[in-house]
Amino acid sequence: MRLDVLTIFPGYFAGPLETSLLGRAAERGLVDARVHDLRRWTHDVHRSVDDAPYGGGAGMVLKPQPFFDAVSELYGDLDARPRTIVLTPRGRLLDQRLVAELAAEPAMLLLCGRYEGIDERVHTRLAHDEVSIGDYVLAGGEAAACVLIEAVTRLLPGVMGNAESATDESFADGLLEHPQYTRPPEIEGLAVPEVLRSGDHGAVEAWRHEQALARTAEVRPDLLARWRERRAAARQDPMGEDPRVD
Ligand code: JBK
């Protein structure tokens, strides 16, 4: 997948793009991520990317012109741009369904806002999607872009081994994960549950399912309600949609 990012803080992406999963994916040619400094498309001596809002008010707004010039130069024409996403708190909440949809794109362009936002005409003319990673206040879209990139990249063919991809199945099941243990069998007076050491695979599966249900009920009743609805629908219509698909 080809990935372009437009930001006024290109340095923000250096660590995440080089590290671990993403770094390996890039080395192997599975992702081609390019981070562009929006200031490259400024023409004044101060290289200013922002300006005061029309109508007044506090803060500054990112100017439209550098975005339009950047997209024209990168793709030759505004209409030749790939799937373009603005990371913004007013966007649609990112979930695994949207992540999977984006992973099927050949290329993406991510626009990161700062200050009070980006001139609305950038949204109107360039954004195919506005995406938020959650209801909290960030300094800008950079951290959100990193989250999106990591979530999408790990779904690209060849990026992850089979052992890691298998863990997706349980999330797609719609419940939170059951607890995990490794050696030693006891530490700090805390023992590994006996059933996990019993060798009884049926009992292990049943225990894990109970734990996942209990945990989901406790912290994410919203997820549990959706899981129950999907399971009921699947029982009504066994040949219908795969209930695991979020
Ligand atoms: C937030 O994607 N977001 O969630 C996001 C982007 C930019 C600023 C923000 O405060 N939440």
Side-chain angles (χ1 to χ4, degrees), residues 1-17 19-22 31 33-42 47-68 70-71 74 81-105 107-156 171 176 219-220 222-223 226 246:
M1 173 184 277
R2 162 79 183 260
L3 259 173
D4 288 288
V5 181
L6 281 176
T7 171
I8 58 172
F9 293 109
Y12 194 100
F13 294 85
L17 289 180
T19 308
S20 180
L21 182 107
L22 270 165
V31 235
R34 304 178 195 188
V35 179
H36 311 277
D37 186 347
L38 198 62
R39 287 185 202 279
R40 187 171 137 203
W41 291 278
T42 56
R47 308 188 80 196
S48 53
V49 285
D50 59 348
D51 204 343
Y54 271 113
M60 299 288 270
V61 176
L62 287 177
K63 290 146 59 91
Q65 169 267 320
F67 284 99
F68 288 124
V71 174
L74 290 174
R81 74 195 186 287
R83 181 94 175 244
T84 299
I85 295 162
V86 179
L87 286 310
T88 166
R90 79 181 201 193
R92 162 182 171 193
L93 207 53
L94 184 67
D95 62 10
Q96 194 64 16
R97 172 183 291 214
L98 179 56
V99 168
E101 186 191 317
L102 294 175
E105 295 284 343
M108 281 197 296
L109 169 63
L110 305 183
L111 308 182
C112 304
R114 282 261 156 180
Y115 310 114
E116 302 312 304
I118 305 176
D119 186 286
E120 185 64 23
R121 292 162 294 183
V122 172
H123 292 270
T124 304
R125 182 64 182 87
L126 296 180
H128 296 106
D129 310 83
E130 296 178 349
V131 172
S132 165
I133 62 160
D135 296 336
Y136 33 75
V137 182
L138 299 171
E142 283 76 12
C146 288
V147 167
L148 179 66
I149 291 169
E150 179 165 324
V152 168
T153 306
R154 60 184 288 290
L155 294 188
L156 299 179
F171 183 78
L176 300 183
V219 274
R220 293 295 303 276
D222 58 317
L223 284 184
R226 278 164 57 197
D246 200 16

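Scope of the values below: all heavy atoms of this structure, side chains included, with no hydrogens, waters or symmetry mates. All ligand and atom numbering here is 1-based and tracks the order in the structure.
- With respect to atom 3 (N) of ligand 1, the closest heavy atom belonging to the protein is I133 N, 3.5 Å.
- At a heavy-atom cutoff of 4.0 Å, ligand 1 is contacted by no atom of L94, backbone or side chain.
- With Q65 contributing its side chain and W41 its backbone, the two residues share a donor-acceptor pair below 3.5 Å.
- A salt bridge between R90 and E130 is present, with a side-chain N of the basic residue lying under 4.0 Å from a carboxylate O of the acidic one.
- With hydrogens left out, the protein atom closest to atom 10 (O) of ligand 1 is L138 N, 2.7 Å, a heavy atom.
- Under a 4.0 Å N-O distance rule, the pair K63/D50 does not qualify as a salt bridge.
- Residue-ligand proximity, G141 to ligand 1, at heavy-atom distances under 4.0 Å covers atoms 7 (C).
- Under 4.0 Å is where a charged nitrogen must lie from a carboxylate oxygen, and between E105 and R2 no such pair does.
- A 4.5 Å side-chain heavy-atom check between L94 and L148 finds at least one atom pair inside the cut-off.
- Which parts of ligand 1 touch S132 is read off a 4.0 Å heavy-atom cut-off, strictly below it: atoms 2 (O), 3 (N), 4 (O).
- The closest approach between a heavy atom of G134 and any atom of ligand 1 is below 4.0 Å.
- The backbone and the side chain of P89 each have at least one atom closer than 4.0 Å to an atom of ligand 1 (non-hydrogen atoms only).
- T7 and E142 form a side-chain donor-acceptor contact under 3.5 Å, judged by distance and modelled atom types alone.
- A donor-acceptor pair under 3.5 Å is absent between the side-chain atoms of T19 and the main chain of L17, judged by distance alone.
- Proximity to V131 (heavy-atom distance under 4.0 Å) selects the following atoms of ligand 1: 2 (O).
- Considering CZ of F68 and CZ of R121, their distance stands at 7.5 Å, rounded to 0.5 Å.
- The contact set between ligand 1 and L87, taken as ligand atoms under 4.0 Å from a residue heavy atom, comprises 6 (C), 7 (C).
- Ligand 1 does not have D135 within reach: every non-hydrogen atom of the residue lies 4.0 Å or more from it.
- In terms of protein heavy-atom proximity, atom 11 (N) of ligand 1 is closest to Y136 O, 2.8 Å.
- Applying the 4.0 Å criterion to heavy atoms of V137 picks out, from ligand 1, the atoms 10 (O).
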